[in-house]
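Structure, as structure tokens:
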Amino acid sequence: MPRIPRPTREAILAALPELAPHAREAVIFHPERAEPGRRDSSLGGPLLWPRDEPWPVCSLPDENSPDGVPGTAMVPVAQLFRRDAPGPWWPAGIDLLQILWCPNEHWDPPAPQADISPVVEMRWRRAADVTDPLSAPPPPSRYDEDGYLPRACALTAEHVTDFPFREELPAELRPRLAELVRETGDGGDAITRLAGWKLGGWPTWHLTHPAVLACDACGTTMTLLFTVASDDETGVIVGRWGDLRLFTCPADYRHPFQVDLH
Ligand SMILES: [Zn+2]
Ligand SMILES: [Zn+2]
């Protein structure tokens, strides 16, 4: 994926200092086809999974099985070790984030899943707790399309400062942000629309109006944890070459996540 020519954080804030309170750390992951190990950060690679913990299975209805039977094993989407992507999104004591999904299209899955989308699972772990890892997970018994079977990739992590989409900013800032966007990048919005696989940062809302997602457990406004991108390297295609986003509760990482397809 070509990197976006983007001004530095300092240059952006020099041009528009009022953006400073809205800055959020993020890590963009640049995938490259590889054979990562289970102790590596990866997209679509093997997970460091405790042998005695059941592998997630999806039994929701999908295009190939209207009754969701038999349940099909989920597939790894991302495994991220804290050492490779440090940032404020890590709960205390946790150093491993794993994201999986059922590689089938689900038209109307229950909340918090997105419609017409794979069904997502995630785990936060302490890597040291996995003393007896699973050697090979069960393969999915069915899948709709290759776009939901991420090819194993190693990652290069790029730390960036992300800024919110214009409609999430105070109205008086928007014209100046629009001007800054016009003056920078390669014709796209390199300030508030960072493309790619991303941990943390802000969601873009360039296709729909911004949505405020409230935590089902405590009502706190959810924040973006992870963005699954569509790209040639992993072969992942979500939506119409879009993004699938996982939102989590900043008050308690154990509260249920929510998924949005954009
Ligand atoms: Zn499923
Ligand atoms: Zn909550």
Side-chain angles (χ1 to χ4, degrees), residues 24 43-44 47 49 53-79 87-94 97-125 134 136-151 168 199-203 210-228 230 234-240 242-262:
R24 266 188 202 169
L43 301 179
L47 304 184
W49 194 272
E53 180 176 319
W55 188 263
V57 166
C58 177
S59 303
L60 292 172
D62 59 52
E63 284 210 309
N64 292 321
S65 174
D67 51 6
V69 181
T72 184
M74 293 194 174
V75 298
V77 175
Q79 164 162 286
W89 37 78
W90 290 101
I94 301 289
L97 171 63
Q98 296 169 327
I99 297 167
L100 309 87
W101 68 26
C102 169
N104 289 288
E105 193 115 286
H106 308 77
W107 286 90
D108 188 21
Q113 304 288 345
D115 291 345
I116 319 175
S117 159
V119 158
V120 178
E121 256 313 322
M122 63 179 280
R123 295 286 191 279
W124 294 104
R125 298 187 193 284
L134 184 69
S141 54
R142 59 175 183 275
Y143 54 91
D144 281 336
E145 19 184 331
D146 291 345
Y148 295 157
L149 289 179
R151 298 190 199 108
E168 295 204 81
L199 189 57
W202 287 93
V212 175
L213 306 178
C215 174
D216 275 346
C218 74
T220 303
T221 299
M222 312 277 278
T223 51
L224 178 64
L225 175 70
F226 191 69
T227 302
V228 173
S230 300
T234 61
V236 168
I237 304 169
V238 283
R240 281 185 250 169
D243 296 326
L244 183 145
R245 293 95 68 92
L246 256 84
F247 291 80
T248 50
C249 176
D252 189 331
Y253 72 97
R254 292 161 297 191
H255 288 174
F257 60 84
Q258 296 185 34
V259 183
D260 164 87
L261 184 66
H262 191 72

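Both counts, for ligands and for their atoms, begin at 1 and track the order of listing. Just so you know, residue 1 is the first one in the sequence shown, and it goes up from there. Heavy atoms only: backbone and side chains are in, while hydrogens, waters and symmetry mates are out.
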Y148 side, atom OH; N104 side, atom CG - distance, nearest 0.5 Å: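 That separation rounds to 9.0 Å.
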
When you look at W90 and W124, which way does the side-chain contact (heavy atoms from CB on, under 4.5 Å) test go after all the steps? CA-CA 9 Å; W90 290 101; W124 294 104; 3.8 Å; yes

Given the Zn ion (ligand 1) as the apex, I'd like the angle to SG of C58 and SG of C102, rounded to 10 degrees.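 It comes to 110°.
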
For Y143, look at atom OH and say whether over 12 heavy atoms of other residues, nucleotides or ligands are found less than 6.0 Å away. no

With no hydrogens and no angle check, just 3.5 Å: does a side-chain donor-acceptor pair link S117 and D115? no

W101 vs V228, side-chain contact (heavy atoms from CB on, under 4.5 Å): CA-CA, chis, key distance, verdict: CA-CA 11 Å; W101 68 26; V228 173; 3.8 Å; yes

Are there any protein N/O/S atoms under 2.8 Å from the Zn ion (ligand 2), and if so, which? C215 SG, C218 SG, C249 SG, H255 ND1

Does R125 make a cation-pi contact with W49, if we ask for NZ or CZ under 6.0 Å from the ring centre and within 45° of the axis?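 Flagged: R125 positioned over aromatic ring of W49.
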
